[in-house]
Number of protein chains: 2
Amino acid sequence: MVDEELGRRRDATATKAALLSAARELFIERGFDHTTVRDIAALAGANQALLFRYFGSKEALFRAAMTNQSHQLLAETPPEQLVGRVLARMLAPDAPPAKDNPLYALLRSSANEHTAAVFRDDLGARYRRVLASLTDADDAETRADLVLAWLLGIGLLRSVLDQHDFADADPARITEHVLRAVGTLLERVDQRPPTA
Amino acid sequence: MVDEELGRRRDATATKAALLSAARELFIERGFDHTTVRDIAALAGANQALLFRYFGSKEALFRAAMTNQSHQLLAETPPEQLVGRVLARMLAPDAPPAKDNPLYALLRSSANEHTAAVFRDDLGARYRRVLASLTDADDAETRADLVLAWLLGIGLLRSVLDQHDFADADPARITEHVLRAVGTLLERVDQRPPTA
DNA sequence: TTGGGGTGTAAGCATCTGCTTACTTTGGCC
DNA sequence: GGCCAAAGTAAGCAGATGCTTACACCCCAA
């Protein structure tokens with residue numbers, strides 16, 4: 001997929017990009033602990049030593065690969081549609097289940113405290129902020145955390161633990177259930193007609 | 001905690017039990033990948049080789065340690081109180097956060113496919129069954145999975161990812177939110193007063 | 001008393017893995 | 001052409017880790 005073979009001869013920028021891309025793919029697919037620097041370098045078509053020259057350590061590479069593209073979905077989705085879109089991607093029946101979703105790297109790396117910190121301070125914090133903006137309740141952030149927890153749990157059960165019955169369940173049904181519950185959690189307390 | 005020192009001299013049964021207990025404690029605390037057989041043997045006060053003689057492999061020990069005591073809480077709790085009790089244990093402010101809760105071993109080991117299978121086929125299946133019994137809806141199992149996913153996500157966010165804001169949130173508030181939503185998901189469709 | 005199987009131990013093997021080092025090659029600039 | 005820093009490479013180090021092996025010990029039945 002990133003296998004460059006020839007074409008790039010001596011191009012540090014392209015090599016860095018290839019390493020980042022390969023790292024992202026493998027971290028998402030296998031998690032931090034089960035991804036080796038040798039695998040990343042091989043997939044990027046680069047030498048292992050370059051990985052350390054350019055990024056310093058495996059952990060730094062993880063941080064760079066995960067925080068870099070600040071989760072496109074999060075940036076381009078209106079807050080009120082966020083839950084629905086995340087669900088849609090998680091429940092999509094596509095063969096590779098959202099290979100580009102950093103949430104899976106989180107789920108598959110959660111045992112490692114360093115990688116957990118990356119998400120706690122970066123990706124998780126962003127989701128939290130966006131979701132919390134959807135309600136005026138005084139415990140907005142707690143409610144946002146509960147919604148985020150639910151999304152994480154659904155991803156965990158479906159794609160990491162591979163509960164096959166759940167994986168086969170009707171996405172529309174699931175979405176309906178979740179959105180209804182989330183609606184009561186996050187709807188604005190000050191509820192009045194938009195125009196009047 | 002399990003440090004036997006003397007007292008047991010040549011007692012295979014006790015040694016096996018000590019290994020199982022030590023394994024349970026460490027797997028729950030650190031997850032499968034970050035627990036070494038040396039650590040387990042040391043905590044059990046036993047020789048490493050015995051672990052392999054009695055259990056065969058680290059993975060088999062994991063399976064034995066996790067499926068053995070079939071989660072006391074699950075067995076002794078009336079289904080309709082299960083969610084509340086699991087939440088209570090997860091949200092308890094005690095220093096060691098539910099050291100005896102196998103759900104944490106799951107959360108901290110989810111990256112490993114073998115350990116994931118253990119929970120999918122054992123612990124997860126049991127929770128699923130109990131929760132599904134709480135509703136008459138035709139998609140009872142999907143609803144049960146959603147509730148289980150939420151519990152897992154809450155545990156993940158709170159104790160593994162250590163979202164400190166969420167960890168400091170009011171347990172009563174959280175419980176209230178979750179129970180309300182779960183109530184609409186799992187309440188019996190055929191809803192009528194118990195006595196009438 | 002003695003032999004043997006069950007129990008416990010020390011040491012090491014084989015492999016993996018993050019990271020380093022010493023080296024060669026490339027290509028642009030004077 | 002000749003220089004030299006940047007780019008790339010091969011090899012290996014050091015430690016960790018799952019698992020095995022060869023051996024010592026102890027109880028108990030015959």
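Both backbone and side-chain heavy atoms feed into the values below; hydrogens, waters and symmetry mates do not.
- Contacts classified as salt bridge (charged side-chain N to carboxylate O under 4.0 Å, His left out) and involving residues 33-48 of chain A (residues at least two apart or in different chains) are given here: Arg30(A)-Asp39(A).
- Here Ala117(A) pairs with Arg120(A), Asp121(A) under the side-chain contact (heavy atoms from CB on, under 4.5 Å) rule; sequence neighbours left out.
- Contact annotation for Tyr54(A): backbone-only contact, meaning every heavy-atom pair under 4.0 Å involves sugar-phosphate atoms and none involves a base.
- Partners of Ala132(B) by side-chain contact (heavy atoms from CB on, under 4.5 Å), not counting sequence neighbours, listed by chain and number: Ala140(B), Glu141(B), Ala144(B).
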All N/O pairs under 3.5 Å across the protein-nucleotides 14-18 of chain D interface:
| from | atom 1 | to | atom 2 | distance (Å) |
| --- | --- | --- | --- | --- |
| dG18(D) | OP1 | Lys58(B) | NZ | 2.8 |
| dG18(D) | OP2 | Val37(B) | N | 3.0 |
| dG18(D) | N7 | Arg38(B) | NH1 | 3.0 |
| dG18(D) | O6 | Arg38(B) | NH2 | 3.0 |

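- One interatomic measurement links the two molecules: CG of Asn47(B) to P of dG12(C), which rounds to 15 Å at whole-angstrom precision.
- For the side-chain contact (heavy atoms from CB on, under 4.5 Å) test, residues two or more places apart in sequence or in another chain that qualify with Thr175(A) are Leu87(A), Leu91(A), Leu179(A).
- In terms of position on DNA chain D, the residue among Ala49(A) and Glu59(B) whose nearest nucleotide sits closer to the 5' end is Ala49(A).
- At least one side-chain nitrogen or oxygen of Thr15(A) sits closer than 4.0 Å to the OP1 or OP2 atom of dG8(D).
- Where Ala12(B) and Arg53(A) each meet DNA chain C at their nearest nucleotide, the meeting point lying more 5' is that of Ala12(B).
- Residues forming a side-chain contact (heavy atoms from CB on, under 4.5 Å) with Glu59(A) (at least two apart in sequence, or on another chain): Phe32(A), Ser57(A), Arg63(A), His114(A).
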For Thr15(B) and Tyr54(B): C-alpha separation, side-chain torsions, deciding distance, then whether side chain to side chain donor-acceptor pair (under 3.5 Å) applies.
CA-CA 9 Å; Thr15(B) 300; Tyr54(B) 293 141; 5.5 Å; no
